[in-house]
Enquirer: 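Structure incoming, see below.
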Amino acid sequence: MALIDKDKKKKILKELESYMQRDFFFSSGHILGSMCTQPHPIAKEAYIQFLETNLGDPEICPGTKEIESRFIAFISKLLHAPKTSAGQIVSGGTEGNITAMWIAKQLSRKTKVILPESAHFSFQKLASLMNMKLIEIPLTNEYTMDITKMKKEIHNEIAAVIGVAGSTELGAIDPIPEMSDICSDEHIFFHVDAAFGGFVIPFLRELHYHVPQFDFRLRGVSTLSIDSHKMGYSTIPLGTLMIRQAHWLESISVESPYISCKKQAGLLGTRSGAPVAAAYSVAQYLGFQGYKSMVESCMDVTHYTQKRLEDIGLSLVTKPTMNVMGVKMKKPGQIVKKLSQKGWRVNNVERLSCIRLVLMPQITKKIIDEFIPVLKKTCEEVGEL
Ligand SMILES: Cc1ncc(COP(=O)(O)O)c(C=O)c1O
């Protein structure tokens with residue numbers, strides 16, 4: 001064990017602290033524009049406990065590997081994945097989407113991908129990385145994939161179709177059941193990006209919200225990505241890519257001679273077990289019932305926020321499907337900048353001329369009561385109101 005020079009340590013930690021003071025914190029409640037969250041307290045403890053684990057070399061950490069298997073079993077149950085399926089732990093939605101398209105390309109030997117205009121920008125990365133061509137489909141008035149336009153683009157060079165179950169900008173859900181049927185009939189790989197919605201939609205359905213089915217109960221769904229560091233209420237970085245057929249993983253595996261397992265699948269080599277232990281601990285702590293209550297409370301705050309915004313004369317781009325909303329603005333960039341100067345973080349969605357608010361679990365009605373007068377004043381200063 002290395003000897004620690006106490007004075008040196010103190011100086012370095014003080015320096016770190018000074019940088020950290022410039023950051024925004026979820027605990028302040030002032031971050032209204034992020035799909036990440038202040039992690040559940042148990043996640044923080046579990047993360048620290050597993051700091052030195054490496055799931056890239058699983059035989060060194062058989063216990064942590066067991067946690068990973070148990071966590072994947074939890075996700076599999078949540079998403080009704082079949083017995084034939086496998087889960088691949090990823091760093092988040094970006095890696096989930098890249099990995100899914102890597103599989104689709106390997107299986108189909110094709111490179112064209114159909115996706116809605118609302119798809120996350122990570123698809124641009126994978127197009128560049130893997131030399132894939134994106135065919136973007138314009139959206140309906142509900143900001144979801146236009147099925148009629150999508151059908152026109154289907155031909156025998158398509159490697160995959162993407163459906164978004166909880167869009168980044170508005171939380172909108174594509175018509176996943178219809179897309180699944182089309183892909184199944186046409187034998188096309190269908191990836192559902194539920195990075196945000198994966199931990200929301202199952203519970204919205206239980207709470208009797210009118211949202212479509214989106215998981216493996218739909219025969220056409222090939223892969224689905226879901227992030228624990230978003231509505232899974234856990235630490236960054238953690239997502240899971242669920243894959244309908246475990247053997248598809250072979251298409252993205254290589255031999256890994258000098259470590260303890262013969263083959264390694266996916267992008268990463270060395271990777272920490274800490275976020276996996278954290279996500280598992282939250283899943284165990286909350287269970288499906290806990291997540292359902294969390295989603296119920298986020299939706300309650302979402303409806304309250306919508307009302308408060310409308311009361312001051314602002315309107316939404318569209319009725320929120322989940323705890324994400326776009327508030328129409330003529331000059332969203334100016335609003336975002338001014339709010340940031342006042343200590344509040346929201347997002348500028350220039351494309352839809354709105355600011356985005358994400359009502360994550362740490363946002364309460366009390367915080368919204370603090371935020372609304374600041375937003376109103378800012379809108380008046382910029383000439384929005
Ligand atoms: C729908 C969707 N997919 C993918 C991503 C990318 O996730 P990450 O930034 O965790 O890689 C996001 C991020 O917000 C997202 O909203």
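What you are looking at is a predicted structure, and each value in this text was computed from that prediction instead of being measured. For ligands, and for the atoms within them, numbers begin at 1 and follow the listed sequence.
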Enquirer: Going by the atom numbers of ligand 1, which of them fall below 4.0 Å from some non-hydrogen atom of Gly166?
Expert: 1 (C)

Enquirer: If you apply the rule side-chain hydrogen bond (donor to acceptor under 3.5 Å, both in side chains), what do you find for Thr37 with Lys230, and how did you get there?
Expert: CA-CA 6 Å; Thr37 175; Lys230 295 190 171 74; over 6 Å; no

Enquirer: Please identify which atoms of ligand 1 are closer than 4.0 Å to at least one heavy atom of Ala195.
Expert: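 Once the distances to Ala195 are compared, the set is 2 (C), 3 (N), 4 (C).
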
Enquirer: If you measure only the distance, is there a donor-acceptor pair under 3.5 Å linking the side chains of Ser184 and Arg219?
Expert: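 Arg219 and Ser184 do have a side-chain donor-acceptor pair below 3.5 Å.
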
Enquirer: Would you kindly specify which portion of Lys230 sits under 4.0 Å from ligand 1, judged on non-hydrogen atoms: side chain, backbone, both or neither?
Expert: side chain

Enquirer: With a cut-off of 4.0 Å, which atoms of ligand 1 are near a heavy atom of Asp227?
Expert: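 With Asp227 as reference, the close atoms of ligand 1 come out as 7 (O), 10 (O).
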
Enquirer: Counting only nitrogen or oxygen atoms and a 3.5 angstrom limit, does Ser167 reach ligand 1?
Expert: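 No; every N/O pair is 3.5 Å or more apart.
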
Enquirer: Starting from atom 16 (O) of ligand 1, what is the nearest protein heavy atom, named by residue and atom, and what distance separates them?
Expert: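 Scanning the protein heavy atoms, the shortest distance from atom 16 (O) of ligand 1 goes to Thr168 OG1, 2.9 Å.
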
Enquirer: Would you tell me whether Thr378 and Lys342 have side-chain atoms, one donor and one acceptor, within less than 3.5 Å of each other?
Expert: yes

Enquirer: Met35 heavy atoms, cut-off 4.0 Å: which ligand 1 atoms fall inside?
Expert: 14 (O), 16 (O)

Enquirer: I'd like to check whether Asp193 has a polar contact with ligand 1, where a contact means an N/O of the residue lying under 3.5 Å from an N/O of the ligand.
Expert: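 Yes - when backbone and side-chain N and O of Asp193 are compared with those of ligand 1, one distance drops under 3.5 Å.
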
Enquirer: Please determine whether a side-chain nitrogen of the Lys or Arg among Glu66 and Arg70 lies less than 4.0 Å from a carboxylate oxygen of the Asp or Glu.
Expert: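 Here Glu66 pairs with Arg70 in a salt bridge, since their nearest N and O are under 4.0 Å apart.
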
Enquirer: For residues Glu310 and Gln306, is any side-chain donor paired with an opposing acceptor at under 3.5 Å?
Expert: yes

Enquirer: Check the hydrophobic clustering (I, L, V, M, F, W, Y; side-chain heavy atoms under 4.5 Å; chains of links allowed) and say if Leu286 and Met322 are grouped together.
Expert: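 The answer is yes; both residues are in one hydrophobic cluster.
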
Enquirer: May I ask you to identify the nearest protein heavy atom to atom 6 (C) of ligand 1, giving residue, atom name and distance to one decimal place in Å?
Expert: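 In this structure, atom 6 (C) of ligand 1 has His120 CE1, 3.2 Å as its nearest protein heavy atom.
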
Enquirer: Does the side chain of His191 come under 3.5 Å of the side chain of Thr223 through a donor N or O and an acceptor N or O?
Expert: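 Yes, side-chain donor-acceptor contact under 3.5 Å.
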
Enquirer: Where is the nearest protein heavy atom to atom 11 (O) of ligand 1: which residue, which atom, and how far?
Expert: Thr94 OG1, 2.6 Å

